[in-house]
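Structure record follows, encoded as structure tokens.
We number each residue from 1, following the sequence as shown.
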Amino acid sequence: MESSQPTKVTVQAVIQAPVEKVWRYWTEPAHITKWNQASEEWHAPRAENDLRVGGKFLTRMEAKDGSMGFDFGGVYDVVSRHEAIGYTMEDGRRVDITFVDQGNETKVIETFDAESSNPVEFQQAGWQAIMDNFKAYTEQN
């Protein structure tokens, strides 16, 4: 019996904002819809978030030209305010996010299980682009 462990991929950023603001912007739907896309051609018109262990979240991601879209969602396994979030995506992959309070800045580290249909580098670039959008949005608002 062969068991293959998923490849873990990590993206991160240091946001020039205190952890309370970073947590709020990461978790509140009104903010999620402003930063959760990998490129200018995409947007997140809707987000729902029940931030508790066992709670579900869903973000609708769509191409701005209407050519495609998908729901990104999962169930929370870990919610430790201002410190950590862990969830399982609908396809069973895991994501763990750590918020490191560094005073007037916060380091956000996100590790996810790669999926098998796209190159790992492609996935890392997409998730890092979203992280970079989060950083820019949080620092500018």
Side-chain angles (χ1 to χ4, degrees), residues 2-141:
E2 190 177 312
S3 117
S4 62
Q5 293 295 320
T7 299
K8 301 268 185 202
V9 182
T10 299
V11 298
Q12 60 186 340
V14 175
I15 291 78
Q16 301 302 311
V19 70
E20 295 82 6
K21 178 181 179 182
V22 170
W23 180 269
R24 194 170 69 247
Y25 279 37
W26 188 274
T27 61
E28 292 179 2
H31 294 296
I32 293 168
T33 58
K34 304 288 194 269
W35 60 262
N36 201 355
Q37 62 272 337
S39 72
E40 286 296 315
E41 293 79 37
W42 284 76
H43 66 147
R46 183 171 47 88
E48 302 167 10
N49 197 18
D50 182 9
L51 187 63
R52 61 182 174 83
V53 172
K56 295 181 179 182
F57 72 91
L58 180 130
T59 302
R60 178 68 186 169
M61 301 174 121
E62 295 180 354
K64 288 181 179 175
D65 67 5
S67 62
M68 61 179 6
F70 62 94
D71 290 336
F72 179 81
V75 177
Y76 290 110
D77 307 305
V78 174
V79 177
S80 180
R81 186 174 168 86
H82 299 164
E83 294 177 5
I85 294 173
Y87 62 85
T88 302
M89 290 184 261
E90 292 171 342
D91 64 6
R93 293 182 297 133
R94 291 267 318 138
V95 178
D96 292 293
I97 307 139
T98 304
F99 299 82
V100 182
D101 183 349
Q102 299 177 329
N104 287 330
E105 61 184 30
T106 305
K107 186 173 190 176
V108 180
I109 305 161
E110 184 173 29
T111 301
F112 65 94
D113 293 343
E115 43 93 354
S116 56
S117 55
N118 289 295
V120 169
E121 298 77 19
F122 177 78
Q123 295 174 66
Q124 183 170 23
W127 285 57
Q128 185 65 56
I130 293 170
M131 178 71 77
D132 294 344
N133 282 343
F134 173 74
K135 173 180 169 64
Y137 173 76
T138 303
E139 290 178 353
Q140 293 166 9
N141 291 282

Looking at [Y], is its backbone amide N or carbonyl O close enough to the side chain of [X] to form a donor-acceptor pair, meaning the two atoms are under 3.5 Å apart?
X: W127; Y: E110; answer: no
X: E139; Y: Q16; answer: yes
X: E28; Y: A30; answer: no
X: D71; Y: L58; answer: no
X: T106; Y: A17; answer: yes
X: D101; Y: V19; answer: no
X: K56; Y: G73; answer: no
X: Q124; Y: V9; answer: no

List the steps and the verdict of side chain to side chain contact (heavy atoms under 4.5 Å, CB included) for F57 and L51.
-> CA-CA 8 Å; F57 72 91; L51 187 63; over 6 Å; no

Nearest 0.5 Å please: distance from the [atom1] atom of [X] over to the [atom2] atom of [Y].
X: T138; Y: N133; atom1: OG1; atom2: CG; value: 10.0 Å
X: N36; Y: M131; atom1: CG; atom2: CE; value: 10.5 Å
X: F70; Y: R60; atom1: CZ; atom2: CZ; value: 8.5 Å

Under the side-chain hydrogen bond (donor to acceptor under 3.5 Å, both in side chains) test, which residues partner [X], sequence neighbours left out?
X: D113; result: K8
X: Q128; result: D132
X: T111; result: T10
X: H31; result: Y137

Classify the angle between the aromatic ring planes of W26 and F134 as parallel (below 30°), tilted (30 to 60°) or perpendicular (above 60°).
-> perpendicular

Can you name the closest pair of heavy atoms from G126 and A38 and give their distance?
-> O-CB, 3.9 Å

Residue pair P6 / A114: nearest heavy atoms and the distance that separates them | CB-O, 4.4 Å

Is the number of heavy atoms from other residues, nucleotides or ligands under 6.0 Å of [X] [atom1] greater than 12?
X: F122; atom1: CZ; result: no
X: K107; atom1: NZ; result: no
X: N118; atom1: CG; result: yes

Taking only residues two or more places apart in sequence, or in another chain, which ones meet A63 in a side-chain contact (heavy atoms from CB on, under 4.5 Å)?
-> W42, D65, S67, M68

Ring centroid separation Y25 to W35 under 6.0 Å | no

Quick one: salt bridge (charged side-chain N to carboxylate O under 4.0 Å, His left out) pairs with a partner in residues 37-46, sequence neighbours left out?
-> R46-E48

